[in-house]
Amino acid sequence: MPYHRYRPARERVEVRTTGGRYWPSQRIEHAPLWVPVDLRDGNQALAEPMDPARKRRMFDVQVAMGFKEIEVGYPSASRADFDFVRHLATSGAVPDDVTVVVFTAARADLIERTFASIAGLPRAVVHLYTATAPVWREVVIGRERAELRALIEESATLMARLGDGRPGVRFQFSPEVFNLTEPDYVLEVCNGLTALWDAAPDRPVIHNLPATVEIATPNIYADQIEYMHRHLDRRDAVILSVHPHNDRGTGVACAELALLAGAQRVEGCLFGNGERTGNVDLVTLALNLHTQGVDPMLDFSDIDAIRATVEYCNRLPVPGRHPYVGDLVHTAFSGTHQDAIKKGFEHHARRAAELGLPPAQAPWDVPYLPIDPADLGRDYEAVIRVNSQSGKGGIAYLLKDRYGLDLPPALRADFSRIVQAAADDSGEEVTAKALWDLFQAAYLMPADRGPLTLTGWHAAEVAPGRHEFTGTLHDATGADPADPDRGRTVTGAGNGPLSALTDALATAGVPVHIEHYAEHATGPGPDSAAVAYVRIRSGEDTWWGAGQDTSVLTASVRSVLAAVNRARGKAS
């Protein structure tokens, strides 16, 4: 790789840390002012820009989520953007507590067109931008520092004149490519505009400092933001904003460190759409706060509906591994992860009960799940999914969650081998329905489909602690050819129904030793089915069987018969 062609950030821009760094010891304790730029910056990055219907749908979902400032377009760039801003101004679509932001380059005719677009809006921010970094000044704009500052101030003066007498109109400036601009120059330009626009606490200006193209590790951006935070004039009359991009894949980290360094406002897109690798992802940023116990001041309680809207408007899919919202981000395939999550859910339910709280309100502390999917309107259906990498914990969780089966630990291990073989053969995910089908075939159906069947059986307690079992045993392997349906009456006695059953089977030459037995209801209420599990020893091997019925006794008898048939089927 020709790495020698590239200069490290420290050689491309001066980073000032005079007086030391304060940001590493700070904490984010409240949400910043969020500003989605999907309708402008994000829209400019789409192969197919949004049509008016998509623009309105995006705007409406952002309002519903709780955004109070929304960048809605670049009205001087296209008729579509101009018309959309006019639609917002005349349709009553903008709530009283929402301010729209419009974007313009530093050119008189474009600024005038921008102000024409917001006529009638009681509140608006006019966002002026100009690239200020040396490479852009030399290669793109062709102006020296002083010349460029004069151009910016000429545009800002026109904005002040057009905004005169309109107290609901405020101003914003972005020195594009801030992160590659000399710190003394960007401070000089920003402080000049603060004075020119006569910023005051009741009518603050916004200085937005974009990492237009990421060029360094996030700590460098934090140092740059802290320098501006500590040296901006009229600091109480300036809203310090950031606009990170994601060229190095660290846009979210840059934004978080910038907030530690003094930023008060963050511009970005829902799910990170934007030029090249995207703008910073506001959803990830806000939900990062949520998982730290900080109110994000946005509503993500139906995140799938938000995602569907953004995918429709952008015509871009949200990846399955996207933080918080991807289809797979709350999903565990790994056996160790599944076991930990299963135990975590059980612990969470117990803890909620102890605290007297509904599970949705109890403190969240479940392994591998930094956020409760229910907070985002997700159910738990996709949390654990089974494939060839999965283990017994995930299998047991799905059977219990979907079908009410609480398998004994040793049976989980036994069944996991069956599932593993099926997954290895198919190479595909094993759904909960497929698990149920495998369980039925392996442990329930042998009671009816094996060589031994019982008909007309009856069990009764004939005396305290003494039970008798009677039935007709049919053995397909030794049936009378002249009368295959003819069976043999068997009887037995014991201290319980199952011991009486095993005694009866022994009289027919079917010795059975029960090593483990468990049963439970599969749901609440008296009408729910019972399921019984039994492990028997046959020679050197052990065999599991299961039975299900509304009668616990019937389920128990069927479980023994299923285990015996599995053993005899293997032997044959």
Side-chain angles (χ1 to χ4, degrees), residues 8-9 12-13 15 23-24 26 28 31-46 62 67 69-71 103 127 129 131 133 174-181 206-226 228-229 240-292 294 296 298 300 303 306-307 310 314 316-319 321-326 329 370:
R12 301 178 68 189
V13 65
V15 179
W23 64 261
Q26 301 304 301
I28 303 175
L33 174 60
W34 306 109
V35 184
V37 296
D38 303 78
L39 289 164
R40 195 276 302 173
D41 198 344
N43 191 47
Q44 288 178 284
L46 297 175
Q62 291 175 346
F67 288 105
E69 220 171 88
I70 301 172
E71 190 168 82
F103 191 74
H127 180 182
Y129 82 96
S174 287
E176 191 183 354
V177 210
F178 154 79
N179 56 329
L180 272 172
T181 303
I206 301 163
H207 287 311
N208 183 57
L209 308 178
T212 307
V213 181
E214 274 199 309
I215 54 96
T217 51
N219 60 298
I220 298 297
Y221 191 53
D223 285 340
Q224 293 174 312
I225 297 301
E226 185 172 78
M228 295 295 292
H229 168 57
L240 181 54
S241 176
V242 293
H243 183 117
H245 277 251
N246 199 44
D247 299 87
R248 291 168 53 90
T250 57
V252 168
C254 280
E256 291 183 322
L257 268 58
L259 291 174
L260 295 175
Q264 302 154 285
R265 179 180 184 269
V266 179
E267 293 186 352
C269 286
L270 300 179
F271 311 121
N273 177 48
E275 298 97 339
R276 303 175 308 281
T277 59
N279 293 289
V280 69
D281 178 358
L282 295 187
V283 176
T284 299
L285 266 174
L287 288 174
N288 282 355
L289 293 187
H290 179 71
T291 64
Q292 298 299 306
V294 176
L298 294 172
F300 296 100
I303 202 164
I306 296 169
R307 181 183 68 174
V310 174
N314 288 343
L316 292 172
V318 175
R321 294 293 181 188
H322 190 286
Y324 300 113
V325 71
V329 296

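On a predicted model such as this, the values are computed, not experimentally measured, just so you know. The basis for the numbers below is simple: all heavy atoms, side chains too, and nothing from hydrogens, waters or symmetry mates.
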Q) What are the two closest heavy atoms between Leu259 and Pro32, and how far apart are they? A) CD2-CB, 3.7 Å
Q) Is there side-chain contact between Val242 and Tyr221, with heavy atoms separated by less than 4.5 Å? A) yes
Q.
Side chains of Asn246 and Val280, heavy atoms from C-beta outward: is any pair under 4.5 Å?
A. no
(Q) Just so I know, are the side chains of Met228 and His207 near enough to count as touching, which here means a heavy-atom distance under 4.5 Å? (A) no
Q | Check: Ala216 main-chain N/O paired with Arg248 side-chain donor or acceptor under 3.5 Å | A | yes
Q | Glu214 to Gly251 - nearest heavy-atom pair and separation | A | OE2-N, 3.5 Å
Q) Rounded to the nearest 0.5 Å, how far does CG of Leu260 lie from CD1 of Ile28? A) 4.5 Å
Q. Would Asp223 and Trp23 count as having a side-chain donor-acceptor pair, cut-off 3.5 Å?
A. yes
Q: To the nearest 0.5 angstrom, please state how far the CD atom of Gln62 sits from the CD atom of Glu71.
A: 10.5 Å
Q: State, to 0.1 Å, how close Pro218 and Cys254 come at their nearest heavy-atom pair, and which atoms those are.
A: CA-SG, 3.7 Å
Q) Nearest heavy-atom pair of Cys269 and Asp38: which atoms, and what distance? A) CB-OD2, 3.4 Å
(Q) Walk me through whether Val310 and Val283 qualify under side-chain contact (heavy atoms from CB on, under 4.5 Å). (A) CA-CA 12 Å; Val310 174; Val283 176; over 6 Å; no
Q | 4.5 Å side-chain heavy-atom contact, Asp41 and His243 | A | yes
Q: Mind listing the closest non-hydrogen atom pair of Leu240 and Gly262 along with its distance?
A: CD2-O, 3.8 Å
**Q.** Close side-chain approach of Pro175 to Thr181, heavy-atom, < 4.5 Å
**A.** no
Q.
Restricting to side chain to side chain contact (heavy atoms under 4.5 Å, CB included), what partner residues turn up for Arg307, sequence neighbours left out?
A. Phe271, Asp304, Glu311, Val318, Val325, Asp327, Arg378
Q. What's the spacing between Glu256 CD and Gln292 CD if we round to 0.5 Å?
A. 8.5 Å
Q. Taking C-beta and beyond as the side chain, do Tyr324 and His290 meet within less than 4.5 Å on heavy atoms?
A. no
Q: Using side chain to side chain contact (heavy atoms under 4.5 Å, CB included) as the criterion, list what pairs up with Pro323, not counting sequence neighbours.
A: Thr284
(Q) Please report the interatomic distance OG1(Thr212) to CG(Asn279), rounded to the nearest 0.5 Å. (A) 10.0 Å
Q.
I'd like to check Phe178 versus Ile225 (side-chain heavy atoms, cut-off strictly below 4.5 Å). Are they in contact?
A. yes
Q.
Please find the pair of heavy atoms, one from Asn208 and one from Ser241, that lie closest to each other, and give the distance.
A. OD1-OG, 2.6 Å
Q. How about Glu226 and Gln26: do any of their side-chain heavy atoms sit closer than 4.5 Å?
A. no
Q: Kindly compute the distance separating CG (Leu270) from CG (Leu282), expressed to the nearest 0.5 Å.
A: 6.0 Å
Q | Nearest-0.5 Å distance, CD of residue Gln264 to CD1 of residue Ile206 | A | 10.0 Å
Q. Can you list the steps and then say if Thr250 with Thr217 is a side-chain contact (heavy atoms from CB on, under 4.5 Å)?
A. CA-CA 8 Å; Thr250 57; Thr217 51; over 6 Å; no
Q: Give a yes or no answer on whether the side chain of Gln224 reaches the backbone of Asn179 with a donor-acceptor pair at less than 3.5 Å.
A: yes
